[in-house]
Amino acid sequence: GDSVTQMEGPVTLSEEAFLTINCTYTATGYPSLFWYVQYPGEGLQLLLKATKADDKGSNKGFEATYRKETTSFHLEKGSVQVSDSAVYFCALRGTGRRALTFGSGTRLQVQP
Amino acid sequence: DTGVSQNPRHKITKRGQNVTFRCDPISEHNRLYWYRQTLGQGPEFLTYFQNEAQLEKSRLLSDRFSAERPKGSFSTLEIQRTEQGDSAMYLCASSGRGQGYEQYFGPGTRLTVT
């Protein structure tokens with residue numbers, strides 16, 4: 001079945017550092033890929049998405065590129081801020097499916 | 001607030017009791033989803049409605065769980081004879097054609113079974 005693997009956290013960075021959170025997936029066909037973010041005390045919010053190979057999703061300075069050859073969708077940001085501290089979830093929606101399959105989440109802590 | 005709302009936000013119950021949660025989706029969304037999230041894990045899919053029809057159920061949805069969406073608006077998730085293993089955050093999401101069927105999540109209901 002479909003699955004998503006994320007790097008374990010927590011990831012601790014200083015403000016303005018470069019961020020990479022790795023995400024790889026297993027799925028048949030051509031899934032859509034997503035990054036969701038969960039800020040402390042809040043619900044899940046869609047951060048960005050990509051629906052086909054080589055698409056780049058971007059939002060709020062975050063980017064991720066859909067790499068079918070490596071089955072990856074790594075999240076990157078050039079300069080993190082304290083306000084980016086949150087839990088980040090990689091997810092996929094399999095071909096012909098409605099449900100999302102999530103990774104286990106990666107907690108990011110940004111220190112001033 | 002026009003987002004997805006869930007009630008109650010917190011529920012503490014004793015093992016063996018029944019509990020019911022409610023989800024109110026974004027008004028124009030015809031699809032509604034329930035997920036369960038345990039500590040340190042990502043959400044896991046439970047069930048999905050399109051309008052009032054329940055179209056998919058996960059293996060996680062045991063016989064003690066039942067979900068309804070009468071008239072295709074709000075939805076309820078009932079757990080009968082709760083067990084300690086049911087303790088989790090129950091998340092509701094909705095989606096609609098106008099936003100490319102992307103799923104928007106509510107704040108969740110945290111269930112603690114003692």
Side-chain angles (χ1 to χ4, degrees), chain A residues 1-11 21-27 31-52 55 57-59 64 73 75 86-108, chain B residues 1-7 9-10 21 23-26 29-51 53-61 67 69 88-97 99-110:
Chain A
D2 297 344
S3 67
V4 175
T5 302
Q6 291 182 234
M7 61 188 289
E8 289 192 16
V11 173
I21 299 178
N22 291 337
C23 170
T24 57
Y25 68 90
T26 301
S32 295
L33 302 175
F34 306 84
W35 278 100
Y36 279 81
V37 58
Q38 189 168 36
Y39 297 103
E42 298 184 16
L44 282 166
Q45 300 175 25
L46 178 63
L47 181 59
L48 54 84
K49 68 176 182 179
T51 58
K52 61 182 187 295
D55 266 2
S58 61
N59 186 25
F73 193 54
L75 182 68
V87 181
Y88 293 81
F89 292 92
C90 185
L92 69 82
R93 186 173 63 218
T95 305
R97 296 209 61 210
R98 302 286 179 255
L100 294 171
T101 299
F102 286 85
S104 57
T106 302
R107 181 175 299 279
L108 170 65
Chain B
D1 187 4
T2 56
V4 178
S5 62
Q6 293 186 245
N7 287 288
R9 295 291 305 275
H10 304 274
F21 311 140
C23 170
D24 287 90
I26 293 171
H29 286 181
N30 64 334
R31 294 179 181 175
L32 187 147
Y33 314 77
W34 285 99
Y35 292 82
R36 182 175 71 182
Q37 184 178 17
T38 52
L39 200 61
Q41 298 299 314
E44 297 173 291
F45 171 71
L46 292 177
T47 190
Y48 150 67
F49 290 85
Q50 181 159 314
N51 300 314
Q54 188 173 18
L55 296 185
E56 187 176 350
K57 293 195 286 188
S58 144
R59 292 178 291 108
L60 293 176
L61 210 68
R69 193 183 182 199
M89 179 76 85
Y90 290 85
L91 300 172
C92 177
S94 69
S95 69
R97 178 179 298 179
Q99 288 145 326
Y101 290 114
E102 300 320 327
Q103 294 183 28
Y104 291 79
F105 282 80
T109 295
R110 181 169 296 284

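As the structure is a computational prediction, the values presented were derived from the model and not from experiment. To find a chain, count down the sequence lines: A is the first, B the second, and so on, and within it residues start at 1.
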Quiz prompt | Enclosure of A:Q45 CD (heavy-atom neighbours >12, cutoff 6.0 Å) | solution = yes
Non-hydrogen atoms of chain B under 4.5 Å away: do they reach the side chain of [X], the backbone, both or neither?
X: A:L46; result: side chain
X: A:R107; result: neither
X: A:Q38; result: side chain

Is [X] in contact with chain A via its backbone, its side chain, both, or neither, using a 4.5 Å heavy-atom distance?
X: B:E56; answer: side chain
X: B:L91; answer: side chain
X: B:Q37; answer: side chain

Quiz item: Pick from A:E42, A:Q6, A:R97: which one has the most heavy-atom pairs with chain B under 4.5 Å?
Solution: A:R97
Quiz item: Between B:Q6, B:Q103, B:E44, which residue shows the highest count of heavy-atom pairs closer than 4.5 Å to chain A?
Solution: B:Q103
Practice problem: Measure up the A:F89 and A:F102 rings against each other and bin them: parallel (under 30°), tilted (30 to 60°), perpendicular (over 60°). | Solution: perpendicular
Exercise. Give me the ring orientation class for A:Y36 and B:F105: parallel if the planes are under 30° apart, tilted from 30 to 60°, perpendicular past 60°.
Key: perpendicular
Exercise. Decide whether a cation-pi geometry holds between A:R93 and A:F34; the criteria are a distance under 6.0 Å from NZ or CZ to the six-membered ring centre and an angle within 45° of the ring axis.
Key: no
Quiz item: Going by distance alone, is a donor N or O of one side chain under 3.5 Å from an acceptor N or O of the other, for A:T101 and A:Y25?
Solution: no
Self-check item: Residues B:Q50 and B:Y48: side-chain donor-acceptor under 3.5 angstrom
Solution: yes
